[in-house]
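The structure appears below as structure tokens.
Position 1 is the first residue of the sequence, and the numbers go up from there. Only a predicted model underlies this, so the values are computations on that prediction, with no experimental measurement involved.
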Amino acid sequence: SAMAVKPGAAMPVLHYYRVGELHSGPSLEQQAKALGVEVVDREICFNIEITAALTPEETKVLEYLLQETFEPSRCGQSSFLKVQDGDTVLEVGPRQQFTS
């Protein structure tokens, strides 16, 4: 299905999240502690800029590329972080420009 986009308008962005256990280690923990922050959980967020609505086949391919092939349930369109009242979520890492 086609999606109308006004000239000069921001393109829609899809967000996919993946459990980020692979992005941990003593160095990260030490840096966080030096800043007075305790790392309790982590995830990776993929921001995908689109110019038109994805077809079901395109969505299937995108999800295949983003998922860990051995644990596809650990990737989805909503955050896996369990945030409680009073918790602070801190986004860390490079903020890449949108590229194709």
Side-chain angles (χ1 to χ4, degrees):
S1 65
M3 179 172 51
V5 178
K6 295 179 183 179
M11 296 295 173
V13 177
L14 300 177
H15 303 283
Y16 278 85
Y17 302 87
R18 187 168 68 199
V19 175
E21 293 171 343
L22 298 176
H23 297 278
S24 63
S27 176
L28 174 66
E29 300 297 331
Q30 288 173 348
Q31 291 174 3
K33 189 173 185 177
L35 295 170
V37 175
E38 177 187 5
V39 178
V40 294
D41 208 352
R42 62 196 59 78
E43 71 182 3
I44 301 164
C45 178
F46 299 95
N47 299 298
I48 299 105
E49 182 178 44
I50 59 173
T51 58
L54 299 180
T55 66
E57 183 63 30
E58 290 169 331
T59 300
K60 183 177 177 181
V61 169
L62 174 63
E63 290 175 351
Y64 173 80
L65 292 171
L66 297 177
Q67 293 170 345
E68 296 288 335
T69 56
F70 50 89
E71 292 182 317
S73 64
R74 297 170 67 103
C75 182
Q77 289 186 307
S78 57
S79 176
F80 291 93
L81 297 178
K82 295 176 180 42
V83 180
Q84 305 293 323
D85 286 341
D87 286 350
T88 299
V89 175
L90 179 64
E91 183 176 335
V92 179
R95 183 163 173 83
Q96 301 293 324
Q97 296 294 325
F98 291 108
T99 60
S100 58

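Annotation: side chain to side chain contact (heavy atoms under 4.5 Å, CB included) contacts of Glu57 (sequence neighbours excluded): Thr55, Lys60, Val61. Residues that satisfy the side chain to side chain contact (heavy atoms under 4.5 Å, CB included) test with Phe80, not counting sequence neighbours, are Tyr17, Val19, Glu43.
Dense packing is recorded around CZ of Phe46, with more than 12 heavy atoms of other residues, nucleotides or ligands lying under 6.0 Å away.
Residue Leu81 holds its CG atom at 10.5 Å from OG of Ser78, rounded to the nearest 0.5 Å. Here CG of Leu62 is found 9.5 Å from CD of Glu58. Values are rounded to the nearest 0.5 Å. Note that CG of Leu54 is 4.5 Å distant from OG1 of Thr59, once rounded to the nearest 0.5 Å.
The shortest side-chain heavy-atom distance between Cys45 and Asn47 falls under the 4.5 Å cut-off.
Residues Arg18 and Gln67 come closest through the heavy atom pair NH1-C, 4.2 Å.
There is no path of hydrophobic side-chain contacts, each under 4.5 Å, that joins Leu14 to Tyr64.
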